[in-house]
Every structure is written in structure tokens, then in C-alpha cells.
A.B. asks: 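Pasting in a structure now, in C-alpha cells, and then I'll have a few things to ask.
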Amino acid sequence: MKMHNTEIAAIFNKLADLLEIEDENPFRIRAYRNAARVISSMSKNFSDLVAENADLTEIPGIGERIAEKIKVIVKTQELPQLKDVETHTPAILSELMKIEGLGPKRVKALYNKLHIESTKDLQEAIKKGKVQKLRGFGEKTQQKIKEGLKHVTEYVKHFKLYDIIPIANSITAYLKASKNISSVECAGSYRRKKEIIGDLDFLAIAKKGTDVINHFIQFDEVAEVLSKGTTRSTVRLHSGIQVDLRVLPPISYGAALLYFTGSKAHNIHIRKLALQKKLKINEYGVFKGNKQIAGKTEEEVYKSINLPFIPPELREDHGEIEAAQKNKLPKLINLSQICGDLHCHTNATDGHDSLEIMVEAAKNKGYEYIAITDHSKHLAMTHGFDKNALLKQIKLIDRLNNKLKNITILKSIEVDILEDGSLDLPNSILKELDLTVCSIHSKFNLSSKKQTERIFRAMDNPFFNILGHPTGRLINKRQPYDANFEKIMEAAKERNCILEINSQPERLDFNDMYCKMAKDMQLKMVISTDAHSVSELDFMQLGIYQAQRGWLEASDVLNTCRLSEFRNLLKRH
DNA sequence: GCCGTTTTCGGCCCGACTGTTTTCAGTCG
């Protein structure tokens, strides 16, 4: 069994939870949590790193001790130290820590005084009113834990960015309508454009906090007010998402925006740099002693520690601060640079709109080209094309291209990669096309070796151009298929094949880490929508966000090129 | 347990809100 990075990280997080309950050295605990974060955000698999005998201590946050532990975990699937801890602190207690309102101290008290080891024990103790009698707990705390217990299963879900956008917009509009508020920004992971959002963090600039907070909690969608002070409040909406609002004066706007945008790791790194310069950064500003020397804008804060502005999409402490220090931040790609969409379906297979309507919509977006990529026959449920159906579409496109002005339709297909790595249609027809998008839609469960070789073989076909949704993952639903994506990237580079960033909200595939890895390897990429209707052509923005998080510049993405150049870059040899 | 343009020892980001307390601990972000 190959351990995945998330599983290794989970072991360190669990160890950290249990040691926290045992009141261990908080810095050691922080080191474990930090390592867990680093491990889960690495694009390269630690099992492979260990197999290659790589020096893990070169990774920031991983020292000799943790490196040793990782090796043990990879080899034995467990960590003896965790087993030791579990002999006096049951592992299940780390589950209780996930309940809102319960931290290490309270979990410890519940375990020591009431022998509570499970959510069921906890429910019963609450029913009997035992919890509120514990020292330091009280009636309200017991009630809060009772509520927390309800939500632990109900709301332990994360929201896809696309689903959150309209919610964030409606809250922004609602807050902006208040005349007490001079500006509003949705910060947090939303501003960093993460694919998954846990909660929303709003920042409002106003002279008086109380009026703003009172306005906020009266928002229609608010189901429950979790906390409410003079400058800060937390609510839960009917949709289940938690929303924080923080109110600050204009002089702190930049510092606050930086602080609430995160990520936490980015902020910690920034603050450490400030300390080296004998400065203190908090959400109110940059301070020298007691004197505020910056904070009105984010630029000001960065400048105070000799850094240029760092775009929110990069703020993960994945090297952006070091890059900024060397003045080597990427010039991130943006939507206006896209010249065409290279993955679209029509109602000839499983799309909603006709070819003509899709093309017209692409033209209205100002695109110079659009590739029509209906499915191939293997996907029977989509009424995928056989050779004759594709031929018919090719002829239709030829006719349309003769009539159309200002846009060119590229003849294409999303052809299935079959189990043996062959493509679902013969080369005799593929050679008539301008390009192919080749994708896996079946047999997701092959072994890593077989899956990797399947894709190698597909890429060996001279008519293979773009690998569609390369990892096959569906956010919150399906893991990427087991394959060695680093080797696949190397193979793509050797063969001059292209990788797709699929902009469908539940795919966003490649993810940010693979994008960055592909950029570092100087691979060619395209950003496509996989649109099944006219409205889905708008998904391009989501793909752009993902590319920005992956540090991509226009020069990394082929569909920022004009048509003639794009055609040249498509050529395999 | 990690890390180093002040360090191989001695630091480790910083503040708001709540509830249970009579001055602060616990939790959260």
C-alpha cells in the first residue's frame, strides 16, 4: 500500500492533537502541524521521495526528526510514537477536537473527569447535565458544545469556489448598501481563489463598528449568530457556510486586508521578516515601537519589509516571498489574454447548444478561435461520435469556416483513451482534425503503473495533442486516479504533448500545485472550459484563477497565442 | 521539533470574543 501525502499529514495532525491534549510543548506541536501542512501541500509524493532516498530535510519545516518519522510511516504505514501516545490518550479524542467549542483543554477535562471518549458519551453526558457542572464549563458552554455536536456531521463539508461566488457577491452587495461602510472586501481563501472554501472572511471599513455589526447580523440568509462584538462577528448562513466580519478604520485597511487574506503561513512568514527589521505587523498596521508607520494599503505593508506587492493568489508561502525578495514574482496570466477555447461540446453529443450557437458565443467573447471537441463513441451515454459522425461534423465545420468572419472553428474531438492506451478513433480520421483532446473516462482504478503506461502509450500516438483533465479528480467526490503524474509530465515534454487545465468547477484539473510543477518543467499548457453550453464558456475565469495560483504567465499557456502561432506550437515535431 | 545576516541555544505571529470568572482561560481565525 502506497501512503498518500494526505494520509501522512493526517498522522502528524493526529499526533499534534493528542499531544496538545496532553499539554505537551506547544512549539513541538506546532512543528508537527507545520510539517503536516507542508506534506499535504507538496505536489510530489513522499512515498516516491523516500523510495528515491531524497533528502527530506531540505524541505522547509522538515528537520531530521520528522524526516525519520516520515520514512517510518512510508515503510510501515504507522508511527510508533503515535501508538505510544495512544496508550494514555485515546486516538478518538482527536475526533472530539473537531467539535466547535472544544479544544484540547476541554477535551482533556471531559476525558479525565467524565471519561468521555466518543461523541456518543458526550451526548449522554450533556443529556444528564454533567458537562455544565464541570469547573470552567457552565450552562452556555454545554449548550454550545451541544450545538457543535449537531454541526460536526452536518457542516464538515467545504464549498467549491464556484458555489460560493454568488453568496459572497450577495453579502458584499448587502454590506455595501449600508451607508456606514466605506468599503467592503471578501478576503480569506476566497480572495486567494482557492478551489475549496471553508468559510468567508469579510472586511469592512467603517468609523463605528457596532452599527456595521448590527446591520450584518440582520442579513436575510443568517441562520445563527455565533458571536458578536464591537468590531467582529461570526454568523452561520442557512446554506451552512460560516461568515466572519471584521470592522476596521481606514488607516488599517491594507494591514487588515493582508491579515485576513492569509494564508496563515504567508502571514507568519511576513511577520517574521518584520521582526527581523524590529517591526511588528498586526491587522492594524506596521508598528515601530508604538508608532504606526504603515498599513493603509497592502502595498505599504509589503514595502515596509522591502517587498513588492504579492498577488493574493500566490500567498501560500510556497516560495512567493523568496521570489518577491529577488524581484522574480511571475506576471500572472489574466482572462483578457485568452484568445480561444479548446474544449467545448455541442448538442451533437452531450452538450446543450448547437455548434453554431457555441461558435457565435465564443465570437462574442472576442475569441479568435474555438475548438469543437465532442465525445468519441466509447462514451455511449453521451452519444459519442464514430468515424462517420465525426466526418459529418468536419464537413459542417468546413462549410461554416468559409462563411464565418473574425473567428475560426478548429476541428477536433475529445477522444477517449482506452484501457490499453489506444485512442477510440482510428488515425485515418484523427489526421483530418486540427487537434485532439485525449481524455480518460473509464477504468479509473488501474494500478499506478498500468495507468501511467496507458497514458504514455496514448501520447505515443502522433495525433495526440492535449491531455484532457489530466488527473481525473472531482472535487469533494473522486480522488485523482492513481498514476505517476511527474513521469507523465516528463513524457509529455519529451513528446511535445500539451496538458489541459480544465475549468469545470468540480474539476479544476490540473490543480495549482501541478500547474506550478509543469511550469517549472517548462511544459506547454492550455486553459479550456469543457463547456457543455454557452453559459459554461464563462468557466474560463475559474481556470484562470487556478493557473494564477499555479504561478502561470501568459507565456506558459498556448491559448493566449494568436491562431497562426498557436497552430505552429501545436505541431508535435 | 525547527531554525539561523542577532543565534547550534533560545527563540518560535498576534488579537478578538465568550463564558466563567472576579482577572483570565479557552477557543478561534
Side-chain angles (χ1 to χ4, degrees), chain A residues 12 15-17 19-21 23-38 56-70 81 96-110 131-145 147-148 187-189 198-203 209-210 213 225-236 242-248 252 255-256 258-287 301 305-306 317 325:
Chain A
F12 282 108
L15 182 60
D17 282 349
L19 290 177
E20 211 172 6
I21 293 167
D23 212 11
E24 259 281 353
N25 176 358
F27 297 109
R28 206 174 128 219
I29 292 162
R30 188 186 294 174
Y32 288 142
R33 288 205 199 284
N34 190 35
R37 189 181 55 77
V38 169
L56 302 182
T57 63
E58 279 179 10
I59 302 163
I62 312 271
E64 278 181 30
R65 317 281 291 271
I66 289 182
E68 272 313 307
K69 288 184 172 65
I70 292 172
Q81 192 192 0
L96 293 182
M97 294 251 299
K98 295 194 180 109
I99 297 167
E100 197 178 335
L102 282 187
K105 299 288 170 0
R106 286 181 182 153
V107 167
K108 189 184 184 183
L110 290 170
V131 172
Q132 65 182 36
K133 285 183 193 146
L134 286 179
R135 188 184 167 75
F137 276 72
E139 200 178 325
K140 286 201 171 174
T141 303
Q142 170 167 299
Q143 186 56 32
K144 194 175 176 187
I145 296 169
E147 287 298 309
S189 49
D199 60 9
L200 287 175
D201 296 293
F202 276 89
L203 178 67
T210 32
I213 299 286
V225 178
L226 300 175
S227 79
K228 169 178 173 286
T230 55
T231 67
R232 162 173 214 165
S233 171
T234 303
V235 301
R236 183 154 25 230
Q242 196 168 300
V243 186
D244 284 352
L245 173 67
R246 186 69 185 270
V247 188
L248 286 120
S252 301
L258 181 68
Y259 174 73
F260 289 106
T261 298
S263 68
K264 197 172 172 175
H266 179 88
N267 286 347
I268 289 175
H269 197 151
I270 290 287
R271 286 175 184 202
K272 278 185 184 166
L273 289 181
L275 282 177
Q276 283 171 14
K277 289 178 64 88
K278 306 234 185 279
L279 298 174
K280 186 178 82 169
I281 296 180
N282 59 27
E283 62 260 57
Y284 296 105
V286 183
F287 295 87
V301 180
I305 48 173
N306 298 331
D317 198 20
Q325 284 171 326

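Residue numbering restarts at 1 for every chain, and letters A, B, ... go by the order of the sequence lines.
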A.B. asks: Would you indicate, yes or no, if B/dC13 has its OP1 or OP2 atom less than 4.0 angstrom from a side-chain nitrogen or oxygen of A/Asn267?
C.D. replies: no

A.B. asks: With respect to the phosphate group of B/dG29, does any side-chain polar atom (N or O) of A/Thr234 fall under 4.0 Å of OP1 or OP2?
C.D. replies: no

A.B. asks: Assign A/Leu102 to base, sugar-phosphate, or nothing according to its heavy-atom contacts below 4.0 angstrom with the strands shown.
C.D. replies: sugar-phosphate

A.B. asks: Rounded to whole angstroms, how far apart are CD on A/Gln143 and P on B/dG19?
C.D. replies: 11 Å

A.B. asks: Any Lys/Arg nitrogen of A/Lys69 or A/Glu64 sitting under 4.0 Å from an Asp/Glu carboxylate oxygen of the other?
C.D. replies: no

A.B. asks: Can you tell me the distance, in whole Å, between the CG atom of A/Asp199 and the P atom of B/dG29?
C.D. replies: 6 Å

A.B. asks: Does A/Gln242 make a side-chain N or O approach to OP1 or OP2 of B/dG29 shorter than 4.0 Å?
C.D. replies: yes

A.B. asks: For salt bridge (charged side-chain N to carboxylate O under 4.0 Å, His left out), just list the numbers for A/Glu20 and A/Arg28, CA-CA rounded to whole Å, side-chain angles, deciding distance to a tenth of an Å, and then say yes or no.
C.D. replies: CA-CA 10 Å; A/Glu20 211 172 6; A/Arg28 206 174 128 219; over 6 Å; no

A.B. asks: Any carboxylate oxygen within less than 4.0 angstrom of a Lys/Arg side-chain nitrogen, looking at A/Glu283 and A/Arg246?
C.D. replies: yes

A.B. asks: Side chain of A/Tyr284 only, please: which of B/dG15, B/dT20, B/dT18 is the nearest?
C.D. replies: B/dG15

A.B. asks: Which whole number of Å gives the distance between the P atom of B/dT5 and that of B/dG1?
C.D. replies: 23 Å

A.B. asks: Dump the pairs, protein N or O against N or O of nucleotides 22-26 of chain B, anything under 3.5 Å, distances to one decimal.
C.D. replies:
none

A.B. asks: What are the residues of residues 259-266 of chain A, sorted by number, that bring a heavy atom to within less than 4.0 Å of DNA chain B?
C.D. replies: A/Tyr259, A/Lys264

A.B. asks: Rounded to whole Å, please give me the gap between NZ in A/Lys280 and C1' in B/dC12.
C.D. replies: 16 Å

A.B. asks: For A/Glu139, check side chain to side chain donor-acceptor pair (under 3.5 Å) against everything at least two apart and list the hits.
C.D. replies: none

A.B. asks: In whole angstrom, give me the gap between the C1' atoms of B/dT8 and B/dC3.
C.D. replies: 9 Å

A.B. asks: Using a heavy-atom cut-off of under 4.0 Å over every strand shown, decide if A/Asp244 touches base, sugar-phosphate, or nothing.
C.D. replies: sugar-phosphate

A.B. asks: Is any side-chain N or O of A/Thr230 closer than 4.0 Å to OP1 or OP2 of B/dA16?
C.D. replies: no

A.B. asks: What's the gap between B/dC2 and B/dC13 when it is taken at their P atoms, as a whole Å value?
C.D. replies: 16 Å

A.B. asks: For A/Arg30 and B/dG11, give me the distance from atom CZ to atom C1', rounded to whole Å.
C.D. replies: 11 Å

A.B. asks: To the nearest 0.5 Å, what is the distance between NE2 (A/His269) and CD1 (A/Ile305)?
C.D. replies: 8.5 Å

A.B. asks: Side-chain N or O of A/Arg28 versus OP1/OP2 of B/dG1: is the shortest distance under 4.0 Å?
C.D. replies: yes

A.B. asks: When rounded to the nearest Å, what value does the distance between C1' atoms of B/dC14 and B/dT21 take?
C.D. replies: 24 Å

A.B. asks: Please state how far atom CZ in A/Arg246 lies from atom C1' in B/dC28, giving the value in whole angstrom units.
C.D. replies: 12 Å

A.B. asks: Starting the side chain at C-beta, find the nucleotide from B/dG15, B/dA16, B/dC13 nearest to A/Thr231.
C.D. replies: B/dA16

A.B. asks: Apply side chain to side chain donor-acceptor pair (under 3.5 Å) to the pair A/His266 and A/Asp317, showing each step before the final yes or no.
C.D. replies: CA-CA 5 Å; A/His266 179 88; A/Asp317 198 20; 5.9 Å; no

A.B. asks: In this structure, how many angstroms lie between the P atom of B/dC14 and the CG atom of A/Asn282, rounded?
C.D. replies: 8 Å

A.B. asks: Under the side-chain contact (heavy atoms from CB on, under 4.5 Å) test, which residues partner A/Thr141, sequence neighbours left out?
C.D. replies: A/Arg106, A/Phe137, A/Ile145

A.B. asks: Nearest-nucleotide wise, let me know which of A/Ser227 and A/Met97 is further upstream toward the 5' end of DNA chain B.
C.D. replies: A/Ser227

A.B. asks: Which whole-number value in Å describes the distance from A/Lys144 NZ to B/dG19 C1'?
C.D. replies: 9 Å

A.B. asks: Do you know which two heavy atoms are closest between A/Ser189 and A/Gly198, and how far apart they sit?
C.D. replies: OG-N, 4.4 Å

A.B. asks: Please enumerate all protein N or O atoms sitting under 3.5 Å from an N or O of nucleotides 2-7 of chain B, with distances to 0.1 Å.
C.D. replies:
unit_1: B/dC2; atom_1: OP1; unit_2: A/Gly63; atom_2: N; d: 2.8
unit_1: B/dC2; atom_1: OP1; unit_2: A/Gly63; atom_2: O; d: 3.3
unit_1: B/dC2; atom_1: OP1; unit_2: A/Ile66; atom_2: N; d: 3.1
unit_1: B/dC3; atom_1: OP1; unit_2: A/Gly61; atom_2: N; d: 2.6

A.B. asks: When you measure from the side chain of A/Lys228, which nucleotide among B/dT18, B/dC13, B/dT20 comes out closest?
C.D. replies: B/dT18

A.B. asks: Between B/dC17, B/dC12, B/dG19, which nucleotide has the shortest distance from any of its atoms to the side chain of A/Arg232?
C.D. replies: B/dC17

A.B. asks: For the atom pair CG (A/Asn34) and CD1 (A/Ile62), what is the distance rounded to the nearest 0.5 Å?
C.D. replies: 8.0 Å

A.B. asks: Mind checking the C1' distance from B/dT18 to B/dT23? Whole angstroms is fine.
C.D. replies: 15 Å

A.B. asks: Can you tell me the base-pairing partner of B/dT8? Count Watson-Crick or G-U wobble geometry only, both distances below 3.5 Å, and say none if there is no partner.
C.D. replies: none

A.B. asks: Side chain of A/Arg271: nearest nucleotide among B/dG19, B/dG15, B/dC14?
C.D. replies: B/dC14

A.B. asks: Output the distance between atom CD1 (A/Ile66) and atom OH (A/Tyr32), rounded to the nearest 0.5 Å.
C.D. replies: 6.0 Å

A.B. asks: How would you label the contact of A/Ile29 with the nucleic acid (heavy atoms, under 4.0 Å): base, sugar-phosphate, or nothing?
C.D. replies: nothing

A.B. asks: What's the gap between B/dT20 and B/dC24 when it is taken at their C1' atoms, as a whole Å value?
C.D. replies: 9 Å

A.B. asks: Once rounded to the nearest 0.5 Å, what's the spacing between atom OG of A/Ser227 and atom CG of A/Leu245?
C.D. replies: 10.0 Å

A.B. asks: Assess whether side chain to side chain contact (heavy atoms under 4.5 Å, CB included) is satisfied between A/Ile281 and A/Phe287, documenting all intermediate values.
C.D. replies: CA-CA 6 Å; A/Ile281 296 180; A/Phe287 295 87; over 6 Å; no

A.B. asks: Please give the distance between the P atoms of B/dC12 and B/dT6 as a whole number of Å.
C.D. replies: 15 Å

A.B. asks: With a 4.0 Å cut-off, would you call A/Asp199 and A/Arg236 a salt bridge?
C.D. replies: no

A.B. asks: Rounded off to whole Å, could you give me the CG-to-C1' distance for the A/Leu134 and B/dG19 pair?
C.D. replies: 15 Å

A.B. asks: Could you tell me which residues satisfy side chain to side chain donor-acceptor pair (under 3.5 Å) with A/Asn282, sequence neighbours excluded, listed by chain and number?
C.D. replies: none

